[in-house]
Amino acid sequence: MFRTWLVTAIILISMSCSMRPQLTHEQEMQKFKDVKFGMFIHWGLYSVPAGRWKGEYDRGIGEWIMNHQRIPVKEYEQLAKQFNPVKFNAETWVQLAEDAGMKYMVITSKHHDGFAMYDSKVSDFDIVDATPYQKDPMKALSKACAKHHIKFGFYYSHAQDWHEPNAAGNDWDFPEERDYSIYLRNKAIPQVKEILSGYGPLFLIWFDTPRLLTEADAIELGNLVHQLQPACLVNSRLGFDQGDYEQMGDNAIPVEPYEEKWEIPATLNDTWGYKVDDDNWKNPKDLIQKLADIVSKGGNYLLNVGPTAEGLIPDESQVILREIGQWLKVNGESIYDTEMSPFYYSDLIWRCTTKPGKLFFHILNWPGTELKIPGLESPVKKAYFLANSDQVPFVQKGNSVTFSLPPKALDDRNTVLVAEIDDQTAKVEPGYRYNDPHNVNIMYAREGRMRGEDLKYDWESQSCTNFIDTPSPVNELFWYTYHLTEGDYQVDIEYACPDESAGSVIRFIRAHGLHEDIETIHGTVEGTGNQFEIKRLGKITVPPNQRHILLKFGLDDGKSADIKVRKVILTKIN
Ligand code: JFZ
């Protein structure tokens with residue numbers, strides 16, 4: 001009797017020690033909505049060449065070096081012998097994520113180069129079998145994440161694998177016809193099983209660049225993930241609209257709040273995998289504001305670090321992330337577990353996140369001594385700054401509330417003002433709600449994605465500068481819109497241009513995805529004496545039933561134009 005009791009007790013104690021509570025898929029979905037901010041890690045053999053090949057600088061993103069330089073498999077394999085990340089320390093990485101205020105981590109288990117960063121039995125092209133390091137860093141990372149309550153997930157390149165003749169991507173070693181199903185059966189599926197089996201409960205699997213596979217393949221892979229780990233989420237780059245949440249492109253932030261589950265991956269410089277020469281670091285203010293912008297629109301922010309071949313996260317990345325973390329320590333209540341903004345807005349001054357009975361106004365550009373929020377019907381009871389709890393006087397008249405501000409920002413990166421309201425959920429007047437159709441739609445350069453390394457954001461004039469018309473990589477300013485309704489729109493653009501730089505041809509495109517232009521209008525840059533002026537560009541038509549519309553702005557004459565673009569205005573004409 002006593003023995004039975006003892007055995008039961010031992011079993012119960014050991015279970016409670018070793019097992020974390022397993023969440024359901026629904027609960028993980030909710031978690032995904034709550035965590036907001038995560039660390040992306042691109043780490044692999046490409047961190048050995050680190051953006052240089054045979055002494056030459058490679059212009060592209062670091063993890064694509066094998067492809068850009070058309071490095072033969074046999075030669076690329078040799079890099080493994082130099083990959084010995086003896087300075088890798090899982091605890092240090094996870095501590096950095098925690099210091100940054102990040103709540104989840106996604107790391108490359110295998111990128112397009114085909115090299116597994118964990119101990120794979122399916123292929124010897126992996127960190128344990130092919131490198132002097134001989135250890136599996138993913139084991140240590142998944143453990144450290146569990147200890148720090150940071151959710152853990154894997155990136156897995158399920159279509160491109162430049163090491164394999166039947167996968168997508170490598171046409172320099174394997175120009176022949178290929179049969180993706182062979183790669184899928186022999187490598188991708190077995191490896192996906194491995195990463196789902198050996199590393200504890202995974203938060204998500206981050207698939208990427210779905211090429212060659214069929215819809216049936218995508219469904220099969222998705223089902224496999226959910227069979228092995230029912231709670232594990234899958235991103236939409238699995239392909240064919242499959243997956244649990246929408247994967248946006250690098251910095252492809254929607255212009256308006258967007259009520260799906262989505263995530264923005266983004267880099268701290270211009271590469272994902274480590275590049276020794278890339279020191280084009282983004283500033284923390286930019287990232288702190290982007291975090292608030294993304295969260296206010298309903299998304300998550302996944303910020304990337306590219307560790308070195310020694311296993312270190314670059315110092316610059318650490319400094320940037322810790323500064324974001326400091327801001328979050330003070331203002332985290334306005335980010336984590338919040339809901340998106342109930343407001344439609346299009347300005348540079350504020351963003352809003354909410355919790356029951358509370359509105360958090362993120363003041364990004366200090367408006368002087370007053371902040372006016374139009375359209376709020378819920379009575380405000382009390383207002384204060386989150387950072388120091390100082391009360392903020394306000395007047396609510398009709399449906400607008402005006403807060404009296406001190407002349408200078410408490411925090412010029414983002415000062416959070418909390419307004420407590422009578423309602424659990426804010427009531428907003430029609431016309432001001434996030435999903436109401438609008439006759440005037442303003443798209444600021446600040447909200448656009450700057451594609452191409454040349455484009456720069458000028459904080460002083462709040463505009464995008466340095467437009468150069470290069471064929472590759474293209475320089476374009478993109479806007480991702482989700483709430484434009486059917487109809488014709490007048491296109492106006494606000495820019496400044498010195499008179500001597502007039503004459504370049506500019507283009508504005510309505511597109512479907514990155515590579516499918518549908519409607520293009522042209523204009524000529526006029527001199528404005530370098531003052532900002534609004535100029536008419538033409539007309540575009542938004543077809544019915546199109547939720548997502550990509551708009552792009554760029555040059556079209558092979559030259560560069562010294563213009564500063566502040567915004568584009570789409571006004572509905574019928
Ligand atoms: C992919 C990879 O090719 C790249 O190496 C990196 O891992 C990145 C996170 O993902 O690149 C993409 C894929 C899709 C888009 C942008 C970059 N997209 O849809 O905008």
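Counting convention: from 1, in listed order, for ligands and their atoms alike.
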Within the 6.0 Å centroid threshold, strictly below: Tyr155 and His42
yes
Could you label the plane-to-plane angle of the Trp262 and Tyr258 rings as parallel, tilted or perpendicular, counting under 30° as parallel and over 60° as perpendicular?
tilted
Could you tell me if any non-hydrogen atom of Gln247 lies under 4.0 Å from any atom of ligand 1?
no
Does Gln160 have a non-hydrogen atom less than 4.0 Å from ligand 1?
no
Of all residues at least two apart in sequence or in a different chain, which pass the ring pair (Phe, Tyr, Trp, His ring centres under 6.0 Å) check with Phe203?
Tyr104
Met248, portion touching ligand 1 at heavy-atom distance under 4.0 Å:
neither
For ligand 1, is there an N or O atom under 3.5 Å from any N or O atom of Trp64?
yes
Protein heavy atom at shortest distance from atom 19 (O) of ligand 1:
Arg237 NH2, 3.8 Å
What protein heavy atom sits nearest atom 4 (C) of ligand 1, and how far off is it?
Glu63 OE2, 3.3 Å
Which ligand 1 atoms does Gly249 reach within 4.0 Å, using its non-hydrogen atoms?
18 (N), 20 (O)
Indicate yes or no: does Glu263 engage Arg237 in a salt bridge with an N to O separation below 4.0 Å.
no
Only one of Val568, Leu484, Asn441 clears side chain to side chain contact (heavy atoms under 4.5 Å, CB included) with Leu551; which?
Leu484
Determine whether more than 12 heavy atoms belonging to other residues, nucleotides or ligands lie under 6.0 Å from atom NZ of Lys31.
no
Nearest protein heavy-atom contact for atom 3 (O) of ligand 1: which residue, which atom, what distance?
His112 NE2, 2.8 Å
Note: ligand 1 atoms sitting under 4.0 Å from heavy atoms of His111 are 4 (C), 5 (O), 6 (C), 7 (O)
For ligand 1, is there an N or O atom under 3.5 Å from any N or O atom of Trp206?
no
Within the structure, is a non-hydrogen atom of His42 found at a distance of less than 4.0 Å from ligand 1?
yes
Listing, residues 314-321 side-chain donor-acceptor contacts under 3.5 Å, not counting sequence neighbours, or none:
from	atom 1	to	atom 2	distance (Å)
Gln318	OE1	Arg322	NH1	3.2
Gln318	NE2	Ile313	O	2.9

Can you sort out which atoms of ligand 1 are near Tyr155, meaning under 4.0 Å from one of its heavy atoms?
7 (O)
Is it the case that over 12 heavy atoms from other parts of the model lie below 6.0 angstrom from the NZ atom of Lys143?
no
Under 4.0 Å from ligand 1, counting heavy atoms only, is it the side chain of Asp208, its backbone, both or neither?
side chain
